[in-house]
Amino acid sequence: MKGVFLTLEGGEGCGKSTQLELVASALRLRSGRNVVATRSPGGTPAAEKIRTILKSREPGEELRPETELMLFGACHAQMCANLIRPALESGSVVVSDRFTDSTLVYQGVARGIDPDAVRRVNDFVCAGVRPDLVIVLDVPVEVGLRRAAVRSGAQTAQDRFDSESASFHNAVREGFLALARREPGRFAVVDGAQSPEQVTESILEAIHERLAII
Ligand code: TMP
């Protein structure tokens with residue numbers, strides 16, 4: 001495939017969503033290539049509908065970890081087939097706010113599903129689509145949760161993931177750092193506690209060092 005695929009990952013409130021637009025705009029300017037910004041769960045009409053199920057609470061019924069795995073898998077199948085693969089085949093740069101490394105960490109580490117089972121689902125739904133570079137925005141859990149609380153202050157429904165325990169969020173942070181240690185060539189860890197402008201610069205530096213697009 002001619003395109004380049006990079007993802008922004010990290011725990012709640014790490015700043016990915018702010019960085020998605022900043023990084024996509026900078027890449028458009030500096031690389032001169034078509035840049036597609038997307039998010040998981042979401043990114044296509046069907047996957048955005050699945051996002052609503054995943055993020056909200058169903059009164060009286062908990063979503064099983066296995067159900068989460070299947071629903072995130074369904075989102076990624078839609079994203080890969082209908083958005084990411086066609087964009088990469090046409091030579092675009094795709095930047096996604098989360099992707100399958102979130103499934104490995106949230107469902108495989110924090111929810112305790114066998115990581116090999118999660119990998120098999122990821123491989124099955126993506127059919128060869130894989131990020132060339134994963135940027136992990138690392139922030140202390142307290143900082144991230146404080147930011148997430150400010151962000152969701154205006155919303156009435158509580159986000160299912162934001163309201164998880166501190167140990168869940170610690171497992172998420174450690175999970176991403178462990179993935180980065182395992183594959184240092186494909187992952188870059190950026191300090192997400194810096195100012196938004198500094199975070200953008202650090203991300204662009206990591207892209208410059210590892211991918212020949214800027
Ligand atoms: P966010 O887009 O606001 O970060 O919300 C997405 C939530 O879904 C976030 O809490 C992480 C979680 N998630 C998973 O548990 N597994 C996944 O595979 C993905 C993509 C996200």
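Residue numbers count from 1 along this sequence. Numbering of ligands and ligand atoms starts at 1, following listing order. Every value quoted in this text rests on a predicted model; they were computed, and no experiment measured them.
- Side-chain contact, Ser195 with Gln198: a donor N or O sits under 3.5 Å from an acceptor N or O.
- Under 3.5 Å, the side chains of Arg151 and Ser17 contain no donor-acceptor pair of N or O atoms.
- Between Phe5 and Phe99, a ring centre-to-centre spacing shorter than 6.0 Å is recorded.
- The minimum heavy-atom distance between Ser202 and Gln194, with the atom names listed, is OG-NE2, 3.2 Å.
- Looking at Arg111 and Glu62, no side-chain N of the basic residue comes within less than 4.0 Å of a carboxylate O on the acidic one, giving no salt bridge.
- The aromatic rings of Phe168 and Phe161 sit tilted relative to each other, their planes meeting at an angle between 30° and 60°.
- Contact residues for ligand 1 (protein heavy atom closer than 4.0 angstrom to any ligand atom): Glu12, Lys16, Ser40, Pro41, Arg51, Lys55, Phe72, His76, Arg98, Phe99, Ser102, Thr103, Tyr106, Gln107, Phe161.
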